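These numbers come from a predicted model, not from an experiment. Order of listing sets the numbers, starting from 1, for every ligand and every atom in it.
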Amino acid sequence: MQKKYLLAPGPTAVPPEILLAMAQPMVHHRSKDFEPIVASVKEDLKWLFQTRQDVMILASSGTGGMESAIANVLSPGDRIIAINGGKFGERWVKMGQAYGLQVDEIKVEWGRAVDPGLIEQRLKQNPATKAVFVQASESSTGVAHDVKTLGSIVRNASGTVLVVDAVSAMGVFDLKTDEWGLDVVVTGSQKALMLPPGLAFVSLSEKAWGMAEKATLPKFYFNLKRERDNIRKNTTAYTPAISLIVGLQKAFELLKPEGLDGIFSRHGRLARATREAMAAIGLELFAKDSPSDALTAVKAPDAIDAEAIYKTVRDRYGITTAGGQDHLKGKVFRISHMGYADTFDVITAVAAVEMVLKGMGHPVTLGKGVAAAQTVLLKS
Ligand SMILES: Cc1ncc(COP(=O)(O)O)c(C=O)c1O
């Protein structure tokens, strides 16, 4: 018998309360059974997004939410800036190209955060830029980009919007959608919201809705204006992922008593504990200047394949973390501490990494990383 732990940066573990809520008999979506559920989650989504605007609910993975941002705000041939500091930044570039946009790609070294000053410069050079695309948390590298400063820069460019992929950031750390000028914000269900994959959520600022009025890129399923009209009537344009939305209502019942500050500080302490633990083991963190509190990307020791670490942690101890993507494959492994995660998830992950490294003959003092994590977790 092996107990399983899911500590990957998505999908994340789903609490039993949510699993049970989703196991209820199906209800019809155009009915009095379901409309009050949409009415409640749509208000809670505004709380989570820190926005007064509508938050649209799409039956899709996070990438569908990203695509809806492009298709609804832009027109063929529009010029955009796509910040590419990892696998998901690269996705903005590829999507923009697929939609026939002129993509000004800003490559950022993987493991580093973008310098907002660079974006300010680019916008001055190319004032016709219609949108800047970024990740709040780049899950492939464990880096958080400074979307607050980017928001303050893009706010000054009257014809440009800031589009933020917050798939692994929303509900992890502070993202003040309205106050910071985050014009389009996208997230998904399978990260900090503690749900299975299958829902995307998108908000648009007034500035972004203004652009959406004139945008001519083709769209049908991902028509956000149609979704906005429907969510205002407590429904969705097409058949929603009913059980996931029922689960979302339960997720908010669990999250709201903790409060946004409580949620952010829980993620902060788990992330700090993981980072300190890895340093105590003698491992280097991959995110150098701006680590995301959603996950920790760790460099494997030179002589050891990171794939072997995360696979042994999984196969021997039943703990699923993640390996590296693209050129980071074999170089880094990633431990998530977002969503349904708490003190002993971190301790478990750290202890397993120590045991696996020791088993591989790496010089590790067992318990050193665990003690470092405990010290952080006791203090905060
Ligand atoms: C930062 C980020 N953006 C986008 C996505 C894509 O979401 P999905 O896989 O749900 O389409 C992910 C998923 O891992 C992500 O972490």
Side-chain angles (χ1 to χ4, degrees), residues 6-14 49 56-71 82-96 98 108 110-114 131-147 150 162-173 175 182 184-203 221-222 241 244-245 247-248 251 267 271 286-287 290-297 310 320-326 328-329 332-341:
L6 183 54
L7 302 176
T12 61
V14 179
F49 274 59
M56 276 65 70
I57 305 174
L58 303 170
S60 88
S61 82
T63 305
M66 293 168 76
E67 182 154 350
S68 78
I70 292 193
I83 296 167
N84 176 2
K87 195 75 198 148
F88 296 101
E90 184 185 82
R91 192 163 298 177
W92 282 136
V93 174
K94 288 186 175 165
M95 259 187 202
V108 180
W110 287 35
R112 298 270 180 201
V114 69
V132 175
F133 289 84
V134 69
Q135 271 60 43
S137 166
E138 172 52 77
S139 315
S140 62
T141 62
V143 166
H145 292 297
D146 180 1
V147 294
L150 288 171
L162 178 62
V163 183
V164 178
D165 164 0
V167 173
S168 66
M170 185 59 73
V172 175
F173 51 82
L175 282 179
L182 314 181
V184 184
V185 179
V186 180
T187 195
S189 51
Q190 78 276 25
K191 312 273 179 176
L193 279 168
M194 313 183 293
L195 292 164
L199 291 178
F201 309 96
V202 188
S203 71
Y221 181 70
F222 290 128
L244 291 176
I245 295 176
L248 178 63
H267 284 97
F286 186 70
S290 176
S292 164
D293 285 347
L295 71 146
T296 298
Y310 106 87
T320 299
T321 56
Q325 292 169 289
D326 279 3
L328 297 184
K329 203 176 171 93
V332 307
F333 60 95
R334 296 172 297 149
I335 303 170
S336 161
H337 22 73
M338 81 180 124
Y340 188 47

(message) Exactly one of Leu193, Val186, Val185 should register a side chain to side chain contact (heavy atoms under 4.5 Å, CB included) with Phe201. Which one does?
(response) Leu193
(message) I want to know if ligand 1 touches Ser137 in the polar sense, i.e. an N/O pair below 3.5 angstrom.
(response) no
(message) Could you tell me if the side chain of Leu58 sits less than 4.5 Å from the side chain of Leu199, heavy atoms only?
(response) no
(request) Could you tell me the separation between the OG1 atom of Thr187 and the CG atom of Leu175, rounded to the nearest 0.5 Å? (result) 8.5 Å
(request) Check whether any heavy atom of Gly10 sits under 4.0 Å from an atom of ligand 1. (result) no
(request) Assess the side chains of Asp165 and Gln135: does a donor N or O sit below 3.5 Å from an acceptor N or O? (result) yes
(request) Just let me know how Glu138 lines up against ligand 1, side chain, backbone, both or neither, with a heavy-atom cut-off below 4.0 Å. (result) neither
(message) Under 4.0 Å, heavy-atom basis, I'd like to know which part of Val167 is in contact with ligand 1: side chain, backbone, both or neither.
(response) side chain
(message) Any nitrogen or oxygen of Gly62 lying under 3.5 Å from a nitrogen or oxygen in ligand 1? Just yes or no.
(response) yes
(request) Under 4.0 Å from a heavy atom of Arg91: give me the atoms of ligand 1 that qualify, with their elements. (result) 6 (C)
(message) Please report the interatomic distance CD(Glu138) to CZ(Arg112), rounded to the nearest 0.5 Å.
(response) 15.0 Å
(request) Tell me which protein heavy atom sits closest to atom 9 (O) of ligand 1, plus the residue, atom name and distance to 0.1 Å. (result) Gln190 NE2, 4.0 Å
(request) Report, in ascending order of atom number, the atoms of ligand 1 lying under 4.0 Å from any heavy atom of Ser61. (result) 8 (P), 10 (O), 11 (O)
(message) List ligand 1 atoms under 4.0 Å from Lys191, heavy atoms only on the residue side.
(response) 12 (C), 13 (C), 14 (O), 15 (C), 16 (O)
(message) If we count only N and O atoms by modelled type, under 3.5 Å, do the side chains of Thr63 and Arg91 hold a donor and an acceptor together?
(response) yes
(request) Look only at the side chain of Ser292 and the backbone of Ala144, and say whether a donor-acceptor pair between them is shorter than 3.5 Å. (result) no
(message) Distance check, rounded to the nearest 0.5 Å: Thr141 atom OG1 versus Leu328 atom CG?
(response) 8.0 Å
(request) Return yes if a side-chain donor-acceptor contact under 3.5 Å exists between Thr296 and His337, otherwise no. (result) yes
(request) Mark up the atoms of ligand 1 that fall under 4.0 Å of a heavy atom belonging to Met66, in ascending order. (result) 4 (C)
(request) Distance to 0.1 Å, residue and atom name: give those for the protein heavy atom nearest to atom 16 (O) of ligand 1. (result) Ser139 OG, 2.4 Å
(request) Say whether Asp165, considering both its backbone and side-chain N or O atoms, lies within less than 3.5 Å of an N or O atom on ligand 1. (result) yes
(request) Distance to 0.1 Å, residue and atom name: give those for the protein heavy atom nearest to atom 12 (C) of ligand 1. (result) Phe88 CE2, 3.3 Å
(request) Measure Ala200 to ligand 1 on non-hydrogen atoms and call it side chain, backbone, both or neither using the 4.0 Å cut-off. (result) neither
